[in-house]
Student: 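Sending over a structure as structure tokens; questions will come in a sec.
In what follows, chains are A, B, ... by sequence order, proteins preceding strands, each numbered from 1. Computation of the quantities below employed the complete heavy-atom set of this structure, encompassing side-chain atoms and omitting hydrogens, waters and symmetry-equivalent molecules. Note that the structure is predicted; figures quoted are calculated from it, not measured.
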Number of protein chains: 2
Amino acid sequence: MPQLRLALSQIDSTVGDLTGNAEAVVHWTRHAVEQGAHLVAFPEMVLTGYPVEDLALRSSFVEASREAVRALAARLKEEGFGDVPVVVGYLDRSERAARYGQPAGAPQNAAAVLHGGEVALSFAKHHLPNYGVFDEFRYFVPGETLPVVRVHGVDVALAICEDLWQDGGRVPAARTAGAGLLLSINASPYEVDKDDTRLDLVRRRAREAGCTTAYVAMIGCQDELVYDGDSIVCDKDGEVIARAPQFSEGCMLLDLDLPAASPDPVTGVVDDGLRVDRVVLGAQPLAPYDAELDGGYAERLEDTEEIYTALVVGLRAYLAKNGFRSVLIGLSGGIDSALVAAIACDAVGAQHVYGVSMPSKYSSEHSRGDAAELARRTGLNFRTVEIAPMFDAYMAALGLTGLAEENLQSRLRGTTLMALSNQEGHLVLAPGNKSELAVGYSTLYGDSVGAYGPIKDVYKTWIFTLARWRNKAAEERGQTPPIPENSISKPPSAELRPGQVDTDSLPDYDVLDKILQLYVDRDQGLEAIVAEGFERELVAKTLRMVDTAEYKRRQYPPGTKISPKGFGKDRRLPVTNGWREGAQ
Amino acid sequence: MPQLRLALSQIDSTVGDLTGNAEAVVHWTRHAVEQGAHLVAFPEMVLTGYPVEDLALRSSFVEASREAVRALAARLKEEGFGDVPVVVGYLDRSERAARYGQPAGAPQNAAAVLHGGEVALSFAKHHLPNYGVFDEFRYFVPGETLPVVRVHGVDVALAICEDLWQDGGRVPAARTAGAGLLLSINASPYEVDKDDTRLDLVRRRAREAGCTTAYVAMIGCQDELVYDGDSIVCDKDGEVIARAPQFSEGCMLLDLDLPAASPDPVTGVVDDGLRVDRVVLGAQPLAPYDAELDGGYAERLEDTEEIYTALVVGLRAYLAKNGFRSVLIGLSGGIDSALVAAIACDAVGAQHVYGVSMPSKYSSEHSRGDAAELARRTGLNFRTVEIAPMFDAYMAALGLTGLAEENLQSRLRGTTLMALSNQEGHLVLAPGNKSELAVGYSTLYGDSVGAYGPIKDVYKTWIFTLARWRNKAAEERGQTPPIPENSISKPPSAELRPGQVDTDSLPDYDVLDKILQLYVDRDQGLEAIVAEGFERELVAKTLRMVDTAEYKRRQYPPGTKISPKGFGKDRRLPVTNGWREGAQ
């Protein structure tokens, strides 16, 4: 059987940074070639970053991407890698856009095989996702070929991400065309439990394609999306051959025995109208060699560590890619800001984390103490700014009462954070969790200020789990647990009036979060939620709170998505909305 | 020739308010029937409002819509209108979703012909828009029929909005099927100059369909979208027969002579795979009657008045549909807040408009005077809150300088507005214009606070035009011009430091706005803009300002869209974005 040493380059890339991304491709190609790779693959749209959103509609950017891929091909040859095929995703434009009702030259989510200093073959994604966070029908013309590249006597069929997720198309076409390897390049955003789904998918598609199937994943972060890595190779029976680590940039190399390409290969149109587009880069198998590399099998993280890691990686990448080195957090002494601080310390180091305690007359002694204790435990930079003088100035001018007085305190803190951010250059982190965002239990321009919300997609019950896990992990490593026990164990409170606790206004979080998961993450209506055993009145009240808080969420900063449906591009509800579940 | 009295009900509807929208349909059907209508049409998705966005993904809402359309049919019969066919748009689900890779029962943008207490015929939009503000591939399964309803011996082919905007599909199918009338129900958002485009479209499609073509428009507002009315009827030669007024709810009635349906009508599949779905509600032509109603021809507003009206209508509807009666505006004495105040006074009456002057030590005397003068001219409620005490409290605590000090003043004003809003219940309006939003010339949580931004899609040069027009219109009506001349004529300034004017940081607005229009509204890159005659360095600097302000726009409130591309669902760019036009 012919052999191939395959390199799956599981790397990060930055949207729009064509130069930097090309450099990364060169760097990791060098690494792979030095390890003896015969075929090197990079993730979906690695050259442009993913998703590029409306940059795809700017022809200057599309042309720059096309030019960058040609320049990259030449560069790889100059560097001495011209004889190793390299698969890179990029943004192209279509010659056949009119067929899909798109303007001439409409963009494509494309990939190229670079070889000999040139683009040896290019193709576009056939199946386009247009659900959840994806809007690919808005941008892209679908590909109409089954690309096959013959490398050292092996026919390698190529696919892009959604091509694997949807039935039909390139997977059965690869079987029909007699491919020896199906190679898919991907940029699949992280969600809890998605790694299991992905593994099952790759195993199933390998059996359907009837050949070894390699899935190269992206890692890193783009705005709300985290890419968790987890590249996978399965054999034709769906058995896992190799699996790369989660959340870790690197290159998985493995030696594969693969069937020889047919001397009389299938041509023409195969499944789903896909036309076989075959390029022969090397017809002769390699001289037999001793297989040395098996790619390894990295163990999965368990769920809590996986989520925590996603939050750290997401924040770290957002800061780095947007040019920030330090963050600023208002520390209330409560669990949310404490967890955000712990995540920030893990992301950029405590020396770059600035915490501010901003007590008011309603702040309890233990709150002040808990914030200071957090600072001592983590080593973050800590200061206290009393908001009483500002509060008194406003109250003298405006004579506020009730909710206006409560919100004022929160907004004075927001203004303090933004002032310090402007003065010192730190990026402000918003500490809101998903439960709060869902029901609107936050103050617009108050505790909601910030450029990034690291835990905005984490329900409150999970906040506790993550905090306990982080402390336990520290203990196991012989480190100081970052989060004060009191921040975890005391009843949650906004402390905007005497004796206030969250349960004054909200159901217990364990009940609330279950209702929210059904409504927000799973689009269930009132009747369906009541049928799960929740009290009708409580459900109706909760759903109404969610609906009427939409205007607040619109102005909330972005933050790492970890759930099947985050408050971002995932969930698009009108602000003006007369629909009330159960009110009919 | 058979005759028909057609009623085009150009009405508003509220997203999600199935009960209220059904009431409106009953009300306007009564009106039409009392005027002798033989066929009554309402806009696209009138029963659910449009666009429903992710409400379409909630099966409880889809089922409620389906139930509501059946209940409406029964109700219309009870009210005595059972023998008049009524066409209403609603949300349905598809039996054939799998064909489009959608889950079973996936939703459809549908319409029903209600007759005899029942749904006599239903169908779904065939062409789905998925560009600009539209995401219909995210939600809907396309319709596969050419619906034809025979009314008093006339075959009426039906279509929904985009069915007219795209080539092929129901327009040629209507000709093939021998329709006597093509009736399209629509919800087409307002843009400057779109009325001309729409008129040309309806004329062209009438010629292509080879029959009289009626276009019923929606009016009102949904979040950022304004529907401007402008229902149109053209004859088969594309000559305009009738045209309804812009921005005005009502019912256009007209008598039409139409060709008799063929005794041997076309059946089966016609153009684009559409299967003719014909229902005969009345095979016999009416006894001849004297045509009395010609529908009228309402003159168009000229551009400036049209835009101003769109802004007033958009704000008024947003307030009404979200349960607000009054608004609060920070009045700087500058033109932006003055124009917003004038729009607000026209939208809800000066007695419901609350203005606050919040001078700082850098506020000029004329600024204070101009704000007060605006209040005198319009009669809005006016007060002054000095921000010096709050400013001093912050400066004593934080010792801010430079930009941090400038932004502080703006944020103190934002906090003041929100405090008054919480205390008194007014909705805060954000006064930012499109030029400012584009280049980020605003303070996050400062002048950007608010639940709605009435002029966020209006470039600064147009702000002047609108202000002058509004004053002139007042003069022509013998009223006091609302906006002080000084607010219009003085150099724009944020007044956050001594002697500051906008042109310290920005190009002249007439140059800036032209560059922005090319970049923002038309997706032109740097080279293309330079080729239009602008200085390269200025263009590069401007584009960079636009790119790096994306994070601010994400947190800006919604506001009325009037341009081809507003900062909202129309334009979706990443915050994390390494692409810099011209830096390569």
Student: Has the side chain of Asp54(B) got a donor or acceptor atom that lies under 3.5 Å from a matching backbone atom of Arg572(A)?
Tutor: yes
Student: Side chains of Tyr556(A) and Arg554(B): is there a donor and an acceptor less than 3.5 Å apart?
Tutor: no
Student: Under the ring-ring contact (aromatic ring centres under 6.0 Å, His included) test, which residues partner Tyr318(B), sequence neighbours left out?
Tutor: Tyr452(B)
Student: Using distance only, find each side-chain donor-acceptor pair of residues 387-403 of chain A under 3.5 Å and give its atom names and separation, not counting sequence neighbours.
Tutor:
| residue | atom | partner | partner atom | Å |
| --- | --- | --- | --- | --- |
| Tyr394(A) | OH | Leu412(B) | O | 2.7 |
| Thr401(A) | OG1 | Gln423(B) | NE2 | 2.9 |

Student: What heavy-atom pair brings Asp135(A) and Asp135(B) nearest, and what distance separates the two atoms?
Tutor: OD1-OD1, 3.7 Å
Student: Is chain A contacted by the side chain of Lys552(B), its backbone, both, or neither, given a heavy-atom distance below 4.5 Å?
Tutor: neither
Student: In terms of heavy-atom pairs under 4.5 Å with chain B, which of Leu55(A), Thr548(A), Leu420(A), Val385(A) leads?
Tutor: Leu55(A)
Student: Can you name the closest pair of heavy atoms from Arg571(B) and Arg138(A) and give their distance?
Tutor: N-NH2, 4.3 Å
Student: Work out which heavy atom in Glu581(B) is nearest to a heavy atom in Ser60(A); give both atom names and the distance.
Tutor: OE2-OG, 2.5 Å
Student: Among Leu408(A), Asp167(A), Val449(A), Leu444(A), single out the residue with the greatest number of heavy-atom pairs under 4.5 Å to chain B.
Tutor: Val449(A)
Student: What heavy-atom pair brings Ala404(A) and Ala419(B) nearest, and what distance separates the two atoms?
Tutor: CB-O, 3.8 Å
Student: Please verify the inter-ring angle class for Trp579(A) with Phe61(B); under 30° counts as parallel, over 60° as perpendicular, anything in between as tilted.
Tutor: perpendicular
Student: Non-hydrogen atoms of chain B under 4.5 Å away: do they reach the side chain of Gln524(A), the backbone, both or neither?
Tutor: backbone
Student: Under 4.5 Å from any heavy atom of chain A, what part of Tyr131(B) do you find: side chain, backbone, both or neither?
Tutor: backbone
Student: Which heavy atom of Pro557(A) sits nearest a heavy atom of Gln555(B), and at what distance?
Tutor: CB-NE2, 3.5 Å
Student: Thr576(A) and side-chain hydrogen bond (donor to acceptor under 3.5 Å, both in side chains): which single residue from Asp223(B), Thr14(B), Asp17(B) fits?
Tutor: Asp223(B)
Student: To check you understand the geometry: which heavy-atom pair defines the closest contact between Gln222(A) and Pro574(B), and what is its length?
Tutor: NE2-CB, 3.3 Å
Student: Could you check which of Asn21(A), Leu526(A), Asn407(A) has the highest count of heavy-atom pairs closer than 4.5 Å to chain B?
Tutor: Asn407(A)
Student: What distance separates Asn577(B) CG from Asn322(A) CG, expressed to the nearest 0.5 Å?
Tutor: 9.0 Å
Student: Which of the residues Gly132(B), Ser421(B), Gly414(B) is involved in the greatest number of heavy-atom pairs with chain A at under 4.5 angstrom?
Tutor: Gly132(B)
Student: Find the distance between CD (Glu53(A)) and CD (Glu550(B)) and round it off to the nearest 0.5 Å.
Tutor: 8.5 Å
Student: Could you walk me through whether Glu136(B) and Asn130(A) satisfy the side-chain contact (heavy atoms from CB on, under 4.5 Å) test, starting with their C-alpha distance in whole Å, then the side-chain angles of each, then the deciding distance to 0.1 Å, before giving a yes or no?
Tutor: CA-CA 10 Å; Glu136(B) 296 209 358; Asn130(A) 203 68; over 6 Å; no
